[in-house]
Chemist: 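I'd like to ask you about the structure that follows.
Throughout, a chain's letter reflects where its sequence line sits, starting with A, and its residues are numbered from 1.
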Amino acid sequence: MSSPSVVDPRPGAAPDQTWDPASIRGDFPMLERTIRGRPIAYLDNAATALKPRSVIDEVVRYYQDVTANVARGVHTASQEATERFETVRHQVGMFLGSRPADEVVFTSGTTGAINLVAQSYGRAVLRPGDEVLVTEMEHHSNLVPWQLVAEQTGARVRAIPITGSGEVDLGWLERNRSDRTKIVAVCHVSNVLGTVVPVARVAALAHEMGAVCVVDGAQGVPHLRVDVGALGCDFYAFSAHKLFGPTGLGVLWGRQPLFERMPPWQGGGGMIARVEIEKSSFAPPPARFEAGTPPIAEVFGLGAVLDYLAALDRRAFEHEDRVVRYAEELLRAIPGVILHGAAPGRVGLVTFSVEGVHPHDVGTALDAGGVAVRAGHHCAQPLMARLGVTATVRASFAPYNTRREAEALAEGVEQAKRVFGQ
Amino acid sequence: MSSPSVVDPRPGAAPDQTWDPASIRGDFPMLERTIRGRPIAYLDNAATALKPRSVIDEVVRYYQDVTANVARGVHTASQEATERFETVRHQVGMFLGSRPADEVVFTSGTTGAINLVAQSYGRAVLRPGDEVLVTEMEHHSNLVPWQLVAEQTGARVRAIPITGSGEVDLGWLERNRSDRTKIVAVCHVSNVLGTVVPVARVAALAHEMGAVCVVDGAQGVPHLRVDVGALGCDFYAFSAHKLFGPTGLGVLWGRQPLFERMPPWQGGGGMIARVEIEKSSFAPPPARFEAGTPPIAEVFGLGAVLDYLAALDRRAFEHEDRVVRYAEELLRAIPGVILHGAAPGRVGLVTFSVEGVHPHDVGTALDAGGVAVRAGHHCAQPLMARLGVTATVRASFAPYNTRREAEALAEGVEQAKRVFGQ
Amino acid sequence: MSELDELYQSLILDHNRAPRNFRELPTSSGHAEGRNPLCGDTFNVWVQVKDGVVTDVSFLGQGCAISKASASMMTTIIKGKTVSEVRGLFDRFHQMVTGRAPTAEDEKKEARNALGCLSAFAGVSAFPIRVKCATLAWHALMKAVETAADGMPADARS
Amino acid sequence: MSELDELYQSLILDHNRAPRNFRELPTSSGHAEGRNPLCGDTFNVWVQVKDGVVTDVSFLGQGCAISKASASMMTTIIKGKTVSEVRGLFDRFHQMVTGRAPTAEDEKKEARNALGCLSAFAGVSAFPIRVKCATLAWHALMKAVETAADGMPADARS
Ligand SMILES: Cc1ncc(COP(=O)(O)O)c(C=O)c1O
Ligand SMILES: Cc1ncc(COP(=O)(O)O)c(C=O)c1O
């Protein structure tokens with residue numbers, strides 16, 4: 001098992017001191033593969049991130065050495081699995097800013113987590129005429145669940161507009177919030193523009209109206225240190241697979257007093273107190289919200305992710321930032337490339353269009369050079385409409401990405417332009 | 001990668017011809033571990049089954065070589081992952097009796113699958129006074145979801161009683177079904193009694209009333225060849241982890257015309273056709289029911305399971321049956337042991353009580369001898385009430401289990417009796 | 001020739017730049033919309049069918065080079081063909097772009113002859129994810145032809 | 001002694017077979033129910049608290065040997081103790097069964113003295129899943145004592 005290189009910055013070292021991604025690239029087996037005969041330049045991290053060896057090993061460990069269901073058996077393997085499972089719950093609490101473990105619910109993903117809040121909290125509190133505010137740049141996973149519960153309850157979904165640079169229009173929020181505002185659901189980081197939403201401000205504005213603030217942190221946790229206490233939000237959701245972890249697992253963090261009052265969403269094993277044919281009573285949170293056998297191997301893997309991140313040199317993220325800025329510079333220098341999003345402090349990605357070349361064709365041209373990006377609407381059709389496009393190209397980064405990969409990206413774009421004779 | 005031993009039965013070979021589980025035990029790494037210094041006797045397969053090496057390897061392959069999100073990217077890895085993902089969907093269709101792949105929805109588990117049917121189909125069709133019939137021996141996962149939707153719609157959940165031997169009382173069903181009966185939800189195999197429910201009969205009785213038949217196949221697929229066409233049911237749910245596959249993944253099979261008319265349950269990426277802030281339109285099934293990033297590595301693993309099972313000598317299951325009968329015999333011979341369930345043709349497990357010794361204490365005594373069983377209510381509290389107990393001990397089997405392990409079970413029970421001086 | 005150049009042959013680039021029959025038909029007997037859920041690209045296809053023969057066809061829409069060129073080339077090649085010939089052509093085209101082209105020498109030749117300039121799309125099979133792009137307009141066409149076949153004026157349908 | 005025999009010491013087996021104070025108190029100032037979600041086992045605990053001292057305590061319920069013996073032994077040991085002594089005792093007990101007992105020799109000895117016959121449950125730490133069983137009645141007791149502390153008659157509460 002390889003482990004991340006931990007280099008203590010020397011006292012007084014300059015903050016932009018070089019950190020070499022080569023020190024961790026060996027941890028990620030997927031970086032060894034080739035695409036059409038070339039080394040892969042994986043710039044689709046916002047879709048799903050690559051997994052370090054230690055995470056894969058921990059998933060394997062569950063399947064090889066600790067296979068058992070959790071919270072159900074008196075036998076040793078079940079007990080070991082349960083202990084590990086609950087330890088990771090605790091770790092997740094710490095990761096989100098030292099929160100008690102019973103505020104951590106394991107779900108099937110960010111999408112599952114937001115549907116849970118919508119169907120349990122939302123359905124219980126929303127009345128006809130109430131409003132759920134989202135932003136114009138939400139991922140469908142933080143929009144459609146609210147549309148569904150709005151339809152069920154007679155509430156309405158409205159979008160906080162974004163400014164030309166891709167920032168949330170807080171003035172609009174201040175003017176348009178009212179006592180009908182019950183839920184304000186925003187992303188922490190936009191998966192298209194990289195904008196960091198000022199969650200603390202949004203949450204404060206929501207709370208003044210008695211509304212709760214739900215944060216889609218799918219793109220937050222991979223790039224920012226998250227402290228839900230400091231953010232002041234009420235719910236925070238993320239996916240393990242975008243945080244270098246396994247597929248099939250998400251986290252919903254929620255404030256205990258809210259969880260306590262929320263009805264269950266799904267019914268099944270593990271979430272009950274007492275069951276009779278005609279009625280049942282339910283377990284306290286977090287169990288109340290975890291019906292059925294949970295994603296156990298996946299939780300093991302997430303534990304290894306958190307260990308990996310804890311040991312990772314924080315300069316890795318400064319390096320990531322620099323590579324993103326470098327990619328941006330290179331692309332900006334190419335005539336006909338239009339960059340989307342210009343919010344100060346944006347993180348993790350560059351989204352762009354190439355004049356006269358469809359994003360899919362750019363994507364294919366890049367793929368032919370081994371560069372993996374995402375071309376499409378990024379599950380953010382309302383934002384595409386706002387930007388006046390149907391699709392864009394997005395290159396998204398992680399600490400293991402290199403300046404060389406940013407260059408391969410720019411070369412691929414040049415190549416696409418050449419093919420299309422622009 | 002080890003693969004299952006495939007021995008073609010010689011023509012005319014006796015059907016009970018010996019098949020040696022040793023021929024596959026090497027495929028299951030977990031069988032190498034020890035419990036308290038003894039080799040593990042894993043008899044908790046109904047809680048979760050052990051995983052063959054080829055399944056673990058396939059999960060690892062996704063994380064090492066094909067990491068990408070599915071159905072979203074134009075790049076090579078995404079394309080490879082998507083192809084494999086859809087191939088497994090097709091494989092699952094074949095596994096369930098050659099059904100078209102668009103009748104296969106991937107979920108988070110059996111529990112997720114049944115909640116999907118309850119909240120999408122059930123919520124749309126149930127009216128006040130309508131009835132959902134389940135059996136008295138359902139797992140909470142095939143009961144509580146119906147209670148929740150019944151409460152939301154004013155419908156009522158009623159239980160078809162079971163007979164003294166643990167069979168579904170079909171006479172009761174015939175007498176009590178009516179045009180208020182909208183859904184009949186039954187397990188294929190009871191997770192406590194091992195009873196095989198005559199699904200074809202139940203489905204026919206349901207259809208005569210215009211009701212649909214939902215089958216909880218969590219304990220069906222590990223022991224029976226399933227052909228949903230022959231069963232005549234409308235929905236069939238199972239969990240990969242109980243079928244020697246990964247955690248975090250389930251399957252909902254459903255008839256295409258029903259799926260076609262069902263509204264989405266969860267909202268999110270991947271299940272939409274067109275999204276605007278105020279409203280969205282949805283993709284056709286199965287995508288409509290798969291919001292968010294699906295459990296991709298898990299689906300890869302399930303593909304390997306189906307390959308493994310296809311290559312597995314069918315005598316393996318006859319062997320399993322014989323070991324179950326042997327365990328039953330050994331236990332029956334111990335004074336003070338009470339066996340629960342006596343339905344002819346029951347499969348996979350033995351559930352019992354030991355007079356004067358609490359099931360947890362039996363479970364701990366067995367664990368001390370390396371024997372892993374489940375002691376508890378098995379998420380079937382109404383059945384426990386019917387049996388007049390709060391908990392039982394369940395030993396559940398798979399083809400890799402041996403006669404020696406059945407003996408270890410009986411010895412452990414004797415040991416528990418000795419400790420408690422019975 | 002690199003895989004990329006193979007995919008984007010000059011014929012394709014030409015049709016992408018200057019799509020043929022890129023308009024709505026003034027009168028049509030069939031119309032359908034095709035949508036690529038991956039990228040949100042949409043094409044509208046109109047057909048005029050008379051006595052089982054496609055007498056005119058056109059399209060409009062937004063899309064990538066592959067989908068646009070494929071739509072354009074489709075319109076040029078099917079005009080004057082019978083509906084069943086069009087079906088056969090689509091089958092062959094589909095086989096080619098999914099890499100399931102015939103392997104026997106004579107069948108291969110026959111397929112090449114039948115496909116004509118559509119052979120330019122052979123490179124798509126190296127990029128399976130782009131198959132949807134190459135067949136988007138074709139699927140819409142087949143829908144349009146089916147609605148046309150029932151004899152109702154196109155306007156009476158949604 | 002095997003781990004199993006260590007867990008089920010004769011004292012535990014004796015209390016399991018013949019639980020002490022296995023009844024409802026005729027009058028009590030506090031009552032609570034404890035439920036083990038794992039197995040559905042339920043215990044009811046009643047306490048009589050006077051001037052901060054537990055003057056009487058009893059229990060009823062179904063459970064495994066560990067939970068029943070633990071409940072029984074608990075009732076015998078806390079009678080006459082002050083509420084804060086009971087709290088301290090539960091802390092020590094909890095530490096022992098979770099395997100977090102003190103390691104320093106003097107503290108160890110002190111703990112052993114304080115726990116008295118409760119030391120019979122030391123073997124539970126080898127079976128962590130059984131910790132819930134060993135502490136079930138204790139948790140109920142603490143709840144009962146808390147409700148008792150507010151001075152309202154038990155019947156006035158749910
Ligand atoms: C009969 C039956 N139904 C449903 C389930 C629930 O399956 P899961 O927990 O994988 O969702 C189980 C197993 O726990 C079961 O045995
Ligand atoms: C901002 C954002 N929210 C939500 C999601 C949905 O996450 P998942 O598909 O893992 O449920 C994603 C990623 O797809 C995302 O980028």
Chemist: Considering residues, nucleotides and ligands other than C/E33, do more than 12 of their heavy atoms fall under 6.0 Å from its CD?
Modeler: yes

Chemist: Side-chain donor-acceptor pair under 3.5 Å between C/D41 and A/H358, yes or no?
Modeler: yes

Chemist: So, C/R130 and A/D361, do they make that salt bridge, N to O below 4.0 Å?
Modeler: yes

Chemist: For the residue pair A/R36 and C/A126, what are the closest heavy atoms and their distance?
Modeler: NH2-O, 2.9 Å

Chemist: Any cation-pi pair here, C/R17 with A/F420, using under 6.0 Å and within 45°?
Modeler: no

Chemist: Give a yes or no on this: more than 12 heavy atoms of other residues, nucleotides or ligands lie within 6.0 Å of atom CZ of A/R38.
Modeler: no

Chemist: One pair to check against side chain to side chain contact (heavy atoms under 4.5 Å, CB included): A/T364 and C/E3. What are the steps and the verdict?
Modeler: CA-CA 10 Å; A/T364 295; C/E3 277 179 333; over 6 Å; no

Chemist: Applying a criterion of heavy atom separation less than 4.5 Å, what residues of residues 61-82 of chain C form contacts with chain A?
Modeler: C/G63, C/C64, C/A65, C/I66

Chemist: Listing request: all ring-ring contact (aromatic ring centres under 6.0 Å, His included) pairs with a residue in residues 51-77 of chain C, at least two apart in sequence or in separate chains.
Modeler: C/F22-C/F59, C/F43-C/F59

Chemist: Do you know the tightest heavy-atom contact between A/A365 and C/L4?
Modeler: CA-CD1, 3.5 Å

